[in-house]
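A note on names: the letters A, B, ... follow the listed sequences, proteins ahead of strands, and every chain is numbered from 1.
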2 protein chains.
Amino acid sequence: MIPEGGAPIAQSASGNGTDRQEASLHGEILLRLRDYVVEGNIPEGARVPERQLCEMLGISRTPLREALKVLAAEGLIELLPNRGARIRQLSQRDLEELFDVMAGLESLAGRLACEAITDEEIAEIERLHYKMYGHYLHRDMHGYFQINQRIHESIVAAARNETLRAAYANFAGRIRRVRYSANFARKRQRWAEAMREHEAILDALRRRAGSELSDILFEHLRNKRTAAIEHLAEAREATAATAAGG
Amino acid sequence: MIPEGGAPIAQSASGNGTDRQEASLHGEILLRLRDYVVEGNIPEGARVPERQLCEMLGISRTPLREALKVLAAEGLIELLPNRGARIRQLSQRDLEELFDVMAGLESLAGRLACEAITDEEIAEIERLHYKMYGHYLHRDMHGYFQINQRIHESIVAAARNETLRAAYANFAGRIRRVRYSANFARKRQRWAEAMREHEAILDALRRRAGSELSDILFEHLRNKRTAAIEHLAEAREATAATAAGG
DNA sequence: CGGCCTCATTTTGCATTCATTTTTTATCTT
DNA sequence: AAGATAAAAAATGAATGCAAAATGAGGCCG
């Protein structure tokens, strides 16, 4: 007997760019669960009872468990033996490591992009850059961040390396929930720096200076990391205090 | 009823460095299957009937299928809908991409290593380097390759980034079977070049010149890639000819 | 004689069931 | 009353059963 209360399955969710394997229940479930987790719909460290998810998704435990195993392999959740699944709690160290790996991958993407990028693609990135500059001038954080992400994705796409793109998407998914909250909210100085770095990125890209671009991208992401970690540490302290204080 | 003909389960195989999750049947199966595939015990593109694997491993299909899903997520096998698992056939393009990603990760590892590596670790790598040089002088390919791999692993270890190490191990596993056969068998010139590059790597490492080391490592791996792809293309042509010719 | 269609067999996908382990709760002891 | 203990409830891990899809064989038609 299949419970019918849950959400419909068919609507393939719009995703984070990782591999899509449609049409098989567990594949569909995987996509939906991944997005669900990545979007941050479940609090960190929270237990995820299988039964509940089954009802929510309207399926039996078998395909669900298969999907959970994959998500665990991707690093999104933790699977404690005999104790079920938990949303993976990222320690500060984990985040530092993830940011560094992302930096390495983008650095690589920039280097490869210089070998293959077309003038049209560069023009498109320039267009995004100036649009982003507009958001910066208007202090529109949300718009800025969105375009910023598109620029970085464009660079990864220009690398013409599907394996790299998939790996990048995977790591991006792991830190996505943190990344959203890890902007230089009030740090205007850092924001200005980031803009300058982006100009340098564009410049190196125009000149197809792969090695140089690689360096700039790494440093850029490194600075992002520092800002994000600081921000997150403050946020966690705050929530810890709230939790403790009542 | 559990068939008892198969191999015993308990012996945790020595592995490729990816995450270990012992003690749960599917975890044990995952380790064994991964090693089994990585070692190249199954020909490329071959179908792997679940039933047969179940008998071989002495388990039911449920944990096996969970393990297969994970291996597919890791990129070691392919899971065609309703058509079962195949050992993933790596196209030449796939290999190029994989080598580039490996190059990027090692490049990153070198950069990070320069920030944290101790004098003792450098000394250890130097020791390996000279040992490798000995193998080079004696034209001992196998010994050379083994030490070479240990050097690269040492650099990754020195990066002090567990996330990076796991990703590196994953990608290394995917191309392991190819890598073994992808040496500069008769190309003595390339071998000499590789030795020179290794000296440059050591030099940059001693000076903790992260950005420079990053460049050198990338180029080093890039050259390796070229050699490997060429070698593999020849090998595939040969086997194709053999298969066609009878 | 070769290509196509139909049917039997095999294999995969999923649900259900059984066995263990964990977690909770109620009771008992100190 | 607090802690420990044991039984009950719930959740996980694995196996089995059933339906659907794919593969292969055999016959039919051109």
Is it the case that more than 12 heavy atoms not belonging to A:Arg51 sit under 6.0 Å from its CZ atom? no

With no hydrogens and no angle check, just 3.5 Å: does a side-chain donor-acceptor pair link A:Asp94 and A:Ser91? yes

When rounded to whole Å, the CG to C1' distance for the pair B:Leu25 and C:dT21 reads 15 Å

Rounded to whole Å, please give me the gap between CD in A:Glu55 and C1' in D:dA10. 13 Å

Calculate the interatomic distance between B:Leu68 atom CG and C:dT11 atom P; express it in whole Å. 15 Å

Thinking salt bridges, do A:Glu96 and A:Arg93 make one under a 4.0 Å N-O criterion? yes

For the pair made of CD in B:Glu78 and P in C:dT12, what is the distance, rounded to whole Å? 15 Å

Atom CD of A:Glu50 to atom P of C:dT23: distance rounded to whole Å? 14 Å

Check the interface with nucleotides 20-25 of chain D: list each N/O to N/O pair with the protein under 3.5 Å, or write none.
residue	atom	partner	partner atom	Å
D:dT23	OP1	B:Arg83	NE	3.2

Look at A:Thr62 and C:dC14 and indicate whether a side-chain polar atom (N or O) is within less than 4.0 Å of OP1 or OP2. no

Do NZ/NE/NH1/NH2 and the carboxylate oxygens of B:Glu153 and B:Arg150 come within less than 4.0 Å? no

Does anything in residues 76-85 of chain B form a salt bridge (charged side-chain N to carboxylate O under 4.0 Å, His left out)? List the pairs, not counting sequence neighbours. none

Value in whole Å for how far the P atom of C:dT12 lies from CG of B:Leu79: 10 Å

For residues 101-116 of chain B, which residue pairs qualify under salt bridge (charged side-chain N to carboxylate O under 4.0 Å, His left out), counting only residues two or more places apart or in two chains? A:Asp215-B:Arg111, A:Arg222-B:Glu115

Roughly, in whole Å, what's the span from CZ in B:Arg51 to C1' in D:dA15? 12 Å

Could you pick out which residue, A:Arg61 or A:Glu66, lies toward the 5' side of DNA chain C when each is mapped onto its nearest nucleotide? A:Glu66

Is there a side-chain polar atom (N or O) of A:His26 under 4.0 Å from OP1 or OP2 of C:dG13? no

If the threshold is 4.0 Å, N to carboxylate O, is there a salt bridge linking A:Glu121 and A:Arg160? yes

Let me know the distance between CZ of B:Arg65 and P of D:dG13, rounded to the nearest Å. 17 Å

